[in-house]
Amino acid sequence: MRVITGTARGRKLVTVAGNEVRPTTDNVKESVFSIIQFGIEGRRFLDAFAGSGQMGVEALSRGAESAVFLDNSRRSLDAVRKNLLQTGLQERAEVICADTVLYLRSCKKTFDIAYLDPPYQQGLLQKTLPLLPAVMSKSGVIVCEHPTEEQLPQEIGSFALKKNYKYGKIMISVYSSKEVEGL
């Protein structure tokens, strides 16, 4: 795993050993950032179910104002902290050990981009998605990585599913405000 572009371009990232974490492939990561490429600079990024934190690190490297890395695994968050130190991006990052659903229920922050890649087949997207509109900016974008057979809702609050992108057995679903055109 490596940072694709930006200030930390080419830096290698550590991952969590074992099957606990399923890292996003470079191909999918590059595609996600191509989808949201013009909406990153100066934005607040949420990397929910962060794992090694590679998506939030990539966002920071590409100019995101800040990133919150959220995971309930201390091993994962140790990897996130190491990756932030290796890339020199820790100044604009907050690393939080918490259950994503519980965190979002009490969150007072607002995010411009939320990336969710929870463990598969546990119903976590269905529990998390309804909570996101309350913490998203009006021009926010929600990006979900999930198995192709998992169906997500067409709408979540004021956000609508804009597009699905298929990469083998992986689907990327992108939501934005019903008021915002494009994506």
Side-chain angles (χ1 to χ4, degrees), residues 1-104 107-120 122 124-125 128 132 135-137 140-146 165 167-170 172 174:
M1 254 185 349
R2 63 184 174 77
V3 178
I4 297 170
T5 196
T7 59
R9 180 182 182 184
R11 300 258 173 88
K12 288 192 176 189
L13 301 174
V14 300
T15 188
V16 180
N19 295 328
E20 228 177 274
V21 175
R22 175 191 26 76
T24 299
T25 65
D26 279 351
N27 179 43
V28 172
K29 179 168 61 170
E30 202 158 347
S31 296
V32 166
F33 282 97
S34 289
I35 294 165
I36 60 173
Q37 67 181 328
F38 300 113
I40 297 172
E41 198 160 323
R43 301 297 178 101
R44 297 163 303 218
F45 193 92
L46 172 64
D47 190 346
F49 309 100
S52 65
Q54 71 165 319
M55 298 304 279
V57 168
E58 186 75 35
L60 289 171
S61 180
R62 291 174 183 240
E65 175 185 301
S66 62
V68 170
F69 297 84
L70 186 58
D71 205 295
N72 64 1
S73 165
R74 293 198 185 281
R75 286 183 57 211
S76 289
L77 295 176
D78 285 344
V80 170
R81 287 183 189 94
K82 286 177 186 172
N83 287 330
L84 289 167
L85 282 172
Q86 277 182 210
T87 57
L89 297 169
Q90 69 276 12
E91 299 281 325
R92 299 186 341 254
E94 184 176 1
V95 180
I96 300 171
C97 185
D99 176 272
T100 299
V101 171
L102 295 177
Y103 174 83
L104 290 174
C107 182
K108 303 292 183 227
K109 295 180 182 291
T110 303
F111 300 99
D112 300 302
I113 302 168
Y115 184 81
L116 293 87
D117 181 13
Y120 289 176
Q122 295 184 23
L124 292 169
L125 281 176
T128 307
L132 280 169
V135 300
M136 298 300 296
S137 65
V141 176
I142 300 167
V143 181
C144 303
E145 181 178 330
H146 58 96
Y165 302 85
Y167 303 94
K169 295 180 179 182
I170 296 171
I172 299 296
V174 181

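Note that the coordinates shown come from a computational prediction; the quantities given were computed from them, not determined experimentally.
Screening Arg81, Arg74, Arg75 against Asp78 for a salt bridge (Lys or Arg N to Asp or Glu O under 4.0 Å) leaves a single residue, Arg81.
Rounding to the nearest 0.5 Å gives a distance of 8.0 Å between CG of Leu77 and CG of Leu70. Note that CG of Leu46 and OH of Tyr103 are 6.5 Å apart. Values are rounded to the nearest 0.5 Å. In this structure, the separation between CG on Leu116 and CG on Leu104 is 7.5 Å, given to the nearest 0.5 Å. Distance check, rounded to the nearest 0.5 Å: CZ of Phe49 to CD of Gln122 gives 9.0 Å. Summarising the geometry, atom CD1 belonging to Ile142 is positioned 14.0 Å from atom OH belonging to Tyr115; distances are rounded to the nearest 0.5 Å.
More than 12 heavy atoms of other residues, nucleotides or ligands lie within 6.0 Å of CD in Glu94, so this atom counts as buried by the packing criterion. Open room surrounds CD on Glu91; 12 or fewer heavy atoms of other groups in view lie less than 6.0 Å from it.
In terms of heavy-atom proximity, Met136 sits nearest to Val141 at CE-O, 3.4 Å. Closest of all the heavy-atom pairs between Ala114 and Leu132 is CB-CD2, 4.2 Å. Listed here is the closest heavy atom pair of Phe69 and Gly53: CE2-O, 3.3 Å. When every heavy atom of Leu125 is checked against every heavy atom of His146, the shortest pair comes out as CD1-CB, 3.6 Å. Contact detail for Cys107 and Val135: the closest heavy-atom pair is CB-CG1, 3.8 Å. The two residues Asp47 and Gln54 come nearest to each other via the heavy atoms OD2-N, 4.3 Å.
Within the 4.5 Å cutoff, side-chain heavy atoms of Val95 are placed close to those of Leu84. Contact annotation: the side chain of Val14 approaches that of Asn83 to within less than 4.5 Å [non-hydrogen atoms, C-beta and beyond]. Looking only at side-chain heavy atoms (C-beta outward), Val174 and Ile35 come within less than 4.5 Å of each other. For the pair Ser31 and Tyr165, the minimum side-chain heavy-atom distance is 4.5 Å or more. With a 4.5 Å cut-off on side-chain heavy atoms, Asp117 and Met55 do not count as touching.
For Glu145 (side chain) and Ile170 (main-chain N/O), no donor-acceptor pair under 3.5 Å exists by modelled atom type. Listed for the Asp112 side chain is no donor-acceptor partner under 3.5 Å among the backbone atoms of Arg43.
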Show your working on side chain to side chain contact (heavy atoms under 4.5 Å, CB included) between Asp71 and Val80 and close with a plain yes or no.
-> CA-CA 10 Å; Asp71 205 295; Val80 170; over 6 Å; no

I'd like a table of donor-acceptor pairs (distance under 3.5 Å, sequence neighbours excluded) in which one partner is a side-chain atom from residues 57-67, with atom names and distances.
from  : atom 1 : to    : atom 2 : distance (Å)
Glu58 : OE1    : Ile4  : N      : 2.8
Glu58 : OE2    : Ile4  : N      : 3.4
Glu58 : OE2    : Thr5  : N      : 3.1
Glu58 : OE2    : Arg62 : NE     : 2.8
Glu58 : OE2    : Arg62 : NH2    : 3.2
Ser61 : OG     : Thr5  : O      : 2.7
Ser61 : OG     : Thr7  : N      : 3.2
Ser61 : OG     : Ala8  : N      : 2.9

